[in-house]
Amino acid sequence: MKKITILTPMYNEQENIPHFYDQVNDVIKSLDSKYTFEFLFINDGSTDYSLEEVIKLQLLDTRVKYVDLSRNYGKEIAMLAGMDYAKGDAVIIMDSDLQHPPEVIPKMIHEWENGFHDVYGKRVTRHGEGFIKKKISNIYYRILGMLSEEPVLPNVGDFRLLDRVCVDSIVRIRESQRYTKGLYMWIGFDKKEIEFEANERFAGETKWRLKNLVTLAVDGIISNSNIPLRFSFYTGFILSFIGFSYMLYTFISALFWGNDVQGYPTIVILILLSSGFQFLFLSIIGEYVGKIFKEVKNRPVYFTKKYSDNKTKKTE
Ligand code: UDP
Ligand code: MG
């Protein structure tokens, strides 16, 4: 029998975990005769009773396993840890706040059986999300799409089924500043889209503060693309060309018509403009250098406090 891992990262989701388990369990019951399932919870340094909730579930269900990370690393790394420990022939990644409807699971499995390696969910409407967040996210995906060398699909997130070949590929990528949405595209394999309607978060609050969103957004662009560097090159080139022409003009006109102290404003404007651009582009280069610095240290991406496959408990 094929094995399927339900992988869910969790960070302070104590109210959601029992409901998540119940709802997913209800859906996969009908598939129980064909597949064996495992629930793999990744505790991403929760400070509430999320892990205790999982341990409670373990007493009821031997399929419940968990990885307890040594601290909060963020969802991207939590997912990597999950993929490292997942045993399934396929892995279904879901948020633990029930925003990803479990009813889609059978459809994903169906497409997997049809031979697709990466069956991803595409949000059609976003319930419970503000107009502004929706607009911002649309604009962001537009920009990312223009800048990325690999296309990143709009409204497609981490809710997806990955075949073992995809999981094995993704875990070989050990970047610590991960932008998994870009990685799914980068690894390739046969993809299939399934539409779903995202629910409102069941309980608790979103973990994304603006700062994290900005970080993820910048990571998404920087780790996917060298185009900002090229952009800075072009702008630098054009500006220096203009500067050089103006210099020639000043030189020649001074030579032939003499020079009274005019053009002071021009100088000030040019200095300010060019130094402004230099700062801007230095900061872009700085982003890349910072990333190189972090990657070049080649640290392990995360540390695990504990992995529990829930087998030892059974024999007790
Ligand atoms: N999450 C995590 N580590 C974090 C932040 C979030 O594992 O540092 C998990 C969280 O528990 C949830 C999923 O990632 O299962 C998505 O997070 P959230 O619902 O806060 O994001 P949103 O749905 O608002 O984008
Ligand atoms: Mg959520």
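Just follow the structure's listing: the first ligand is 1, and inside any ligand the first atom is 1.
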Can a salt bridge be assigned to the pair R160 and D118 using a cut-off of 4.0 Å between side-chain N and carboxylate O? yes

Between D68 and K306, is there a side-chain N and carboxylate O pair less than 4.0 Å apart? no

Within a distance under 4.0 Å of any heavy atom of Q99, pick out the atoms of ligand 1 and give their elements. 19 (O), 22 (P), 23 (O)

Contact partition for N72 relative to ligand 1, non-hydrogen atoms under 4.0 Å: side chain

For ligand 1, which atoms, with element, lie under 4.0 Å from some heavy atom of E13? 10 (C), 11 (O), 12 (C), 15 (O)

Testing K65, R63, K2 for salt bridge (Lys or Arg N to Asp or Glu O under 4.0 Å) with E38, which one passes? K65

Pair F159 + F196: ring centers closer than 6.0 Å: yes

Find all atoms of ligand 1 within a distance of less than 4.0 Å from any non-hydrogen atom belonging to M10, and give their numbers and elements. 7 (O), 11 (O)

Location of contacts on D95 toward ligand 1, heavy atoms closer than 4.0 Å: both

Please list, in number order, the atoms of ligand 1 under 4.0 Å from a heavy atom of R201. 18 (P), 19 (O), 20 (O)

Are any of the side-chain nitrogens in K87 or D309 under 4.0 Å away from the carboxylate oxygens of its partner? no

Between Y35 and W112, what is the ring plane arrangement, given parallel below 30°, perpendicular above 60°, and tilted in between? tilted

Mind checking whether P9 has an N or O less than 3.5 Å away from an N or O of ligand 1? yes

Within-cut-off N or O pair, T8 and ligand 1, under 3.5 Å: no

Using a strict 4.0 Å cut-off to heavy atoms of D97, name the atoms of ligand 1 that fall inside it. 19 (O), 23 (O)

Nearby protein N/O/S atoms (those under 2.8 Å) for the Mg ion (ligand 2), with water ignored: D97 OD2, Q99 OE1

State plainly whether the residues K56 and E53 are in salt-bridge range, i.e. N to O under 4.0 Å. yes

Which word best sums up how the rings of F202 and H19 line up, parallel for under 30°, tilted for 30 to 60°, or perpendicular for over 60°? tilted

Atom indices of ligand 1, in the order listed, that fall short of 4.0 Å to a heavy atom of S96: 11 (O), 15 (O)

NZ/NE/NH1/NH2 to OD/OE distance under 4.0 Å, E195 and K107: no

Please identify which atoms of ligand 1 are closer than 4.0 Å to at least one heavy atom of D44. 2 (C), 3 (N), 4 (C), 7 (O), 8 (O)

Kindly say whether K122 contributes a backbone atom to a donor-acceptor pair with the side chain of N155 at under 3.5 angstrom? no

CA sep, side-chain torsions, deciding dist, call: E13, R201, salt bridge (Lys or Arg N to Asp or Glu O under 4.0 Å): CA-CA 10 Å; E13 304 280 8; R201 177 174 248 289; 3.1 Å; yes

